[in-house]
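Inspection log for the structure reproduced underneath, given as structure tokens.
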Amino acid sequence: MSAELHITLAGAERVVAAGTTYGEALEADGRTVVAARVNGELRDLASHAADGDVVEPVEISSPDGRAILRHSTAHVMAQAVQELFPEAKLGIGPPVDNGFYYDFDVEQAFHPDDLKRVEKRMREIVKQGQQFSRREVSDDEARAELSAEPYKLELIGLKGGAASSDDGAGVEVGEGQLTIYDNLDPKSGELCWKDLCRGPHLPSTRAIPAFKLMRSGGAYWRGSEKNPQLQRIYGTAWESRDKQDEYLHLLEEAEKRDHRKLGAELDLFSFPPELGSGLPVFHPKGGIIRKEMEDYMRRRQGESGYEFVNTPHITKSQLFETSGHLPWYGEDMFPPFELDNTEYRVKPMNCPMHNLIFRARGRSYRELPLRLCEFGSVYRYEKSGVVHGLTRVRGMTQDDSHIYCTKEQMGGEIKSLLAFVLSVLRDFGLSEFYLELSTRDDSDKFIGEQADWDEATAALRQAAEESGLQLVDDPGGAAFYGPKISVQAKDAIGRTWQLSTIQLDFNQPKRFGLEYQAADGSRQTPVMIHRALFGSIERFLGVLVEHYAGAFPPWLSPVQVVGIPIAEAHTPYLHDVAKKLRERGIRVEVDTADDRMQKKIRNAQKAKVPFMLLAGDDDIANGAVSFRYRSGEQKNGVPVEDAIAEIVNAVERRVQV
RNA sequence: GCCGACGUAGCUCAAUCGGCAGAGCAUCUGUCUUGUAAACAGAAGGUUUGGGGUUCGAUUCCCCACGUCGGCUCCA
């Protein structure tokens, strides 16, 4: 070994003595710079540099730095858990978005109080400043050292083979050399704990600036329900207390926007237990929002060449045999029932019925593209553990459309469909999108000709690329019968929701024997495109509630205007103003309750009504009203006609106020 | 479906060790009404989610069902 090493540091050539660590070379403090990126690979600061290394610092606040921080915090948690619950066997503990988790096999699931104890012990470990020390081991050494950890032994057996980043196992064992990280007491050097791990890690537990345990729950070993269930603890960790508080604040903000909570508070919908899980009812105020959404959609679809159809809620089961859904999704459908010696089903989707409409008579190429649409009620037997507010229900209304076109029309049709859905979503106040292209992989769940898939995937990709939006690939994410584009929208606090999907289907046209007569007299099979705009109206309504935190733009607000008299004597005047507003199609109420004016303002404010119109002696004398907006701002003495114009204008332009 | 926590008035939440089930808001009734987030008083409201068990006695302990919440798996 030569006494000098030539390395590249931050783009500049440097000569350092042999035995220099990356930490020394980078002059890292171990707090802000917590690791090194060496020739593209992340390494511990304590690792020794080699000749020719290209070394860059990894800051704790960078994405890689945060991942290292979180992974190290996961180790601290696992150590604390094993100290408090010595029988706990280790699963895996990778960093994830905004935090980390670690899975444990324990007799008894963790109780929320247990988490407090674990967190307390973790703080002690962090304070103690244990050092993370890397050590290479052979497979056999690792097996010997970890003989009490059956799951780790399983991972060693999987090393480099089946271990994939999908189930997080890659964090523990990499491709080549196995490594164990020892946690050492900084004073005595005594071994406190150790774990099989690829690393890298922070230099010391003291470099963990902020963390918090969040929740626990069951999780299948290596992500398969066929495997035993372990207990997972989730935590979060950040480069500073401020960043952590910011994150926790975001979670609080999300909680305030929870559509289940706001739906009850604003009297929009409920889930009566008498009906059963996942079956919502819409109250009058929620009904108005739905109606506005549906009216708007009917208009837009009418303008865009869609034709409205209606189909029943139940059908002979045979229809879903024909469509091919039964073998794939039969378990997710409500069970069959028998009528007149025939088995019937409640429909989980509308497309087979639309196919029957297409097939009801001979079709000409001149009719294509044929765009059928319907607000179709469908019922799916969602498993009990997944039902969730309006976003995962058992009964819902799809704003569903099926487009039948020729192969030649497919590209143009997809492109215009994408433009259509984006334009609609923008009208609902969503403005940030990205697209996801879900394609087949080599799994055997996909059916159909590879050539069809290729052609359709290319058409989808082209339309997606032409939209100019960011496109994320999702290999293997397609439905069994065809690829799809889904539109992901960001809401007001940056969360993304999967909304519209545009999906190609080569399966059903064949299974239903759909055909049209081409110009040359030949019979051809049409291409079928599924298009759901909102996913479901229920779900989209839920998304809108969260996006707007219940404060809908005026056009969607259940009550657009509340008239508030300063005193009882001013009520008739406001009734008169309300009548004029009603004539312009505005949803207006006058609060004639026995409350004080201040209380009425409070009530309207809590109901998130966009416009409050107050009237007292001064206003009446001037033929005016006074606005109070949701912001608390006011505008006094506005002539009634101007006030009406302002409100009508805001509704018509679909703006937020 | 699986793992766990939880379920008290319409809502938010109390009720000591197993010993008379309570408050605020909302509701109803009455009194009172003048300028931008809560007038005052009274009344009513409960098979403590449902069923079973233990006990002299169950909101409280045990079992089952239903529902909600969190997590996993799934999501045409």
Side-chain angles (χ1 to χ4, degrees), chain A residues 101 103 106 108-114 214-234 258 260-261 264-265 267 270-278 320 323-326 328-333 347-352 378 380-389 391-393 398 400 445 477-482 484 498 501 503 505 507-508 530 532 535 539 564-571 593-607 612-620 626-630 632-637:
Chain A
Y101 66 80
D103 290 342
V106 281
Q108 192 94 43
F110 297 107
H111 189 271
D113 292 341
D114 293 335
M214 305 301 284
R215 54 176 60 95
S216 64
Y220 297 110
W221 168 238
R222 302 190 60 230
S224 167
E225 60 186 333
K226 294 184 189 97
N227 289 339
Q229 200 160 52
L230 308 179
Q231 291 300 318
R232 174 172 299 178
I233 302 179
Y234 281 96
D258 191 318
R260 295 167 298 187
K261 185 173 162 259
E265 277 173 20
D267 197 16
S270 60
F271 297 88
E274 290 84 346
L275 296 186
S277 185
F320 293 103
S323 71
H325 287 109
L326 221 34
W328 296 86
Y329 298 108
E331 283 187 9
D332 303 311
M333 293 166 65
K347 72 173 170 182
M349 51 187 29
N350 307 299
C351 37
V378 299
R380 296 176 181 181
Y381 179 60
E382 300 287 0
K383 288 190 274 182
S384 59
V386 306
V387 170
H388 181 95
T391 55
R392 197 82 181 266
V393 291
Q398 289 185 311
D400 207 2
K445 81 166 187 175
F480 71 90
Y481 51 74
K484 69 175 176 195
Q498 180 180 317
T501 56
Q503 182 144 26
D505 189 341
N507 184 44
Q508 290 195 56
H530 302 249
R539 190 180 126 85
I564 298 177
I566 299 298
E568 201 173 347
H570 310 118
T571 303
D594 206 15
D595 292 318
R596 291 282 191 282
M597 175 262 301
Q598 287 86 344
K599 180 63 178 293
K600 293 179 181 181
I601 288 171
R602 179 181 152 86
N603 287 343
Q605 197 86 43
K606 280 178 42 175
M612 287 173 233
L613 290 186
L614 283 76
D617 290 342
D618 297 347
D619 297 292
I620 293 177
S626 293
F627 275 95
R628 182 188 164 102
Y629 302 96
R630 282 194 287 228
E633 275 178 80
Q634 45 180 302
K635 191 156 79 184
N636 298 329

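Quick note: numbers below take in every heavy atom, side chains included, and nothing from hydrogens, waters or symmetry partners.
Checking A:His530 against A:Asp400 by side-chain atom types alone, no donor-acceptor pair falls below 3.5 Å. Judged purely by distance below 3.5 Å, without hydrogens or angles, the side chains of A:Arg222 and A:Tyr220 never pair a donor atom with an acceptor atom. Of the N and O atoms on the side chains of A:Asp103 and A:Gln231, not one donor lies less than 3.5 Å from an acceptor on the other residue. Under the 3.5 Å distance criterion, with hydrogens and angles disregarded, no donor-acceptor pair is assigned to the side chains of A:Gln503 and A:Asp505.
By the 4.5 Å heavy-atom criterion applied to side chains, A:Arg260 and A:His388 are counted as neighbours.
When every heavy atom of A:His325 is checked against every heavy atom of A:Tyr481, the shortest pair comes out as NE2-CE2, 4.4 Å. Contact record, A:Ala604 with A:Ile564: CB-CD1, 4.4 Å, taken as the closest heavy-atom pair.
Residue contacts shown for A:Glu568 include a base, since a base heavy atom lies under 4.0 Å away. At a threshold of 4.0 angstrom between heavy atoms, the contacts of A:His388 are confined to the sugar-phosphate backbone, with no base atom among them. If you check every strand for non-hydrogen atoms under 4.0 Å, A:Glu265 touches nothing. Here A:Tyr234 lies in heavy-atom contact (under 4.0 Å) with sugar-phosphate atoms only. A:Met597 comes within contact range of the sugar-phosphate backbone alone, with a heavy-atom separation under 4.0 Å but no base atom that close. Residue contacts shown for A:Ser626 include a base, since a base heavy atom lies under 4.0 Å away. Heavy atoms of A:Ala567 sit under 4.0 angstrom from at least one base atom. Among the heavy atoms of the strands lying under 4.0 Å from A:Pro348 is at least one base atom, whether or not backbone atoms are also near. Residue contacts shown for A:Tyr481 are limited to sugar-phosphate atoms, with no base heavy atom under 4.0 Å away. Counting non-hydrogen atoms under 4.0 angstrom, A:Ser277 reaches the backbone sugars and phosphates but no base. A:Glu382 comes within 4.0 angstrom of nothing in the nucleic acid, heavy atoms only.
Nucleotides B:U60 and B:U48 have their C1' atoms positioned 10 Å apart, rounded to a whole Å. Across B:A23 and B:C61, the matching P atoms stand 24 Å from one another, rounded to whole Å.
Interface remark: the A:Asp617 side chain does not form any donor-acceptor pair with the B:G35 base, using a distance-only criterion of under 3.5 Å. On a pure distance criterion of 3.5 Å, no polar donor-acceptor pair joins the side chain of A:Arg215 and the base of B:A5. With hydrogens and angles ignored, a donor-acceptor pair under 3.5 angstrom links the side chain of A:Asp594 to the base of B:C32. Side-chain to base pairing of A:Ser216 with B:G70: no donor and acceptor N or O lie closer than 3.5 Å to each other. Applying the 3.5 Å distance criterion, the base of B:C72 shares no donor-acceptor pair with the side chain of A:Arg232. Side chain A:Arg596 to base B:C32: a donor-acceptor pair is found below 3.5 Å. Side chain A:Gln229 to base B:C2: a donor-acceptor pair is found below 3.5 Å. If you check distances only, the side chain of A:Tyr220 does reach the base of B:G1 with a donor-acceptor pair under 3.5 Å.
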Secondary structure of RNA chain B in dot-bracket form (Watson-Crick or G-U wobble, distances below 3.5 Å, | marking inter-strand pairs): (((((((..((((.....[..)))).(((((.......))))).....(((((..]....))))))))))))....
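Taking atom CZ on A:Arg380 and atom P on B:A76, their separation rounds to 8 Å, with Å as the unit.
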